[in-house]
Colleague: 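One structure is given below, represented as structure tokens, and several questions about it will come after.
Keep in mind that this is a model prediction, so the values were computed, not measured.
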Amino acid sequence: QVQLVESGGGLVQAGGSLRLSCAASGGTFSSYRMGWFRQAPGKEREFVAGISRSGSTVYADSVKGRFTASRDNAKITVWLQMNSLKPEDTAVYYCAADKTILRPYTIWTAYDYWGQGTQVTVSS
């Protein structure tokens, strides 16, 4: 029912910025919590950021002060603005939608729908 389409990944040098977007269709976007996760080579899926239906946010300690999650004014897209990127930020980034809102943002199994992932590579 719900599709999430991501864009914005790429290759940047350390200290640079990227903005990831995740556009939703087929559901009631404004009723969903949204989350961002990433998976680096050889690592498990890791929580990055979450954003509530009203726009409040939570972040992993590793990205606080550098990354900002937001929902656009049309309530159809979520963004992840990534500044001061570090090589350790290199990963495939995924957006996800939580329609039931029963478990914490940080738990990936709480989410019902997932995007395809987009590669972010940060060179030193």
Colleague: So which atom in Pro104 and which in Ala110 form the shortest heavy-atom distance, rounded to 0.1 Å?
Modeller: O-CB, 4.0 Å
Colleague: Tell me, please, which residues at least two apart from Thr68 pass side-chain contact (heavy atoms from CB on, under 4.5 Å).
Modeller: Tyr59, Gln81
Colleague: Honestly, is Arg103 close enough over Tyr111, meaning NZ or CZ under 6.0 Å from the six-membered ring centre and within 45° of the axis?
Modeller: no
Colleague: Would you say the side-chain atoms of Gln39 pair up with the backbone N or O of Ala91, donor to acceptor, closer than 3.5 Å?
Modeller: no
Colleague: List the steps, then state whether salt bridge (charged side-chain N to carboxylate O under 4.0 Å, His left out) holds for Asp89 with Lys86.
Modeller: CA-CA 5 Å; Asp89 295 317; Lys86 304 174 180 179; over 6 Å; no
Colleague: For a quick test of reading the model, state the closest non-hydrogen atom pair linking Ile76 to Asp72 and the distance between them.
Modeller: N-OD1, 3.0 Å
Colleague: Show every ring-ring contact (aromatic ring centres under 6.0 Å, His included) that has at least one partner inside residues 82-108, sequence neighbours left out.
Modeller: none
Colleague: Measure the CD-SG distance between Glu6 and Cys22 for me, rounded to the nearest 0.5 Å.
Modeller: 5.0 Å
Colleague: Taking Thr90 for its side chain and Val122 for its backbone only, find out whether a donor-acceptor pair lies under 3.5 Å.
Modeller: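 Looks like yes, one N/O pair under 3.5 Å.
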Colleague: Ala49 and Ala69: which non-hydrogen atoms are nearest, and at how many Å?
Modeller: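 Minimum heavy-atom contact is CB-CB, 4.1 Å.
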Colleague: Just how far is it from atom CG of Leu18 to atom CG of Leu20, taken to the nearest 0.5 Å?
Modeller: 6.5 Å
Colleague: Check whether any side-chain heavy atom of Ser62 sits under 4.5 Å from a side-chain heavy atom of Arg38, and report yes or no.
Modeller: yes
Colleague: Looking at Gln3, I'd like to know if its CD atom is crowded, meaning that more than 12 non-hydrogen atoms belonging to other residues, nucleotides or ligands lie closer than 6.0 Å.
Modeller: no
Colleague: Without hydrogens or angle criteria, can the side chains of Arg53 and Ser30 be said to hold a donor-acceptor pair below 3.5 Å?
Modeller: no
Colleague: What is the distance from atom SG of Cys95 to atom CH2 of Trp79, rounded to the nearest 0.5 Å?
Modeller: 14.5 Å
Colleague: Measuring from atom OH of Tyr32 to atom CZ of Arg71, what distance do you get when rounded to the nearest 0.5 angstrom?
Modeller: 10.5 Å
Colleague: At what distance, to the nearest 0.5 angstrom, does CE of Met34 lie from OG1 of Thr57?
Modeller: 14.5 Å
Colleague: Tell me whether Val78 is reachable from Tyr113 by hopping between hydrophobic residues (I, L, V, M, F, W, Y) whose side-chain heavy atoms are closer than 4.5 Å.
Modeller: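 Yes: a chain of side-chain contacts under 4.5 Å links Tyr113 to Val78.
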Colleague: Does Lys99 offer a backbone N or O that forms a donor-acceptor pair with the side chain of Asp112 under 3.5 Å?
Modeller: yes
Colleague: Are the aromatic rings of Trp36 and Phe47 close, with centres under 6.0 Å apart?
Modeller: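 Trp36 vs Phe47: aromatic centres not under 6.0 Å.
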Colleague: Distance-only, no hydrogens or angles: does the Arg33 side chain make a donor-acceptor pair with backbone N or O of Ser52 under 3.5 Å?
Modeller: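 Here the side-chain-to-backbone pair does not exist.
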Colleague: Using the rule that Ile, Leu, Val, Met, Phe, Trp and Tyr join whenever any side-chain heavy atoms are under 4.5 Å apart, tell me whether Val92 and Phe37 fall into a single cluster.
Modeller: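 Linked within one cluster.
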Colleague: Check Val120 against Gly9 and note the closest heavy-atom contact, atom names and distance.
Modeller: CG2-CA, 4.2 Å
Colleague: Heavy atoms, side chains only, cut-off 4.5 Å: are Ser21 and Arg19 in contact?
Modeller: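 The answer is yes, as the side chains (C-beta and beyond) meet within the 4.5 Å cut-off.
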Colleague: Can you tell if the side chain of Phe67 reaches within under 4.5 Å of the side chain of Leu85, non-hydrogen atoms only?
Modeller: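 Sidechains of Leu85 and Phe67: in contact.
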Colleague: I'd like to check the side-chain hydrogen bond (donor to acceptor under 3.5 Å, both in side chains) partners of Gln119; sequence neighbours left out, ordered by chain and number.
Modeller: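 Testing Gln119 for side-chain hydrogen bond (donor to acceptor under 3.5 Å, both in side chains), a comparison that skips the adjacent residues, returns Thr121.
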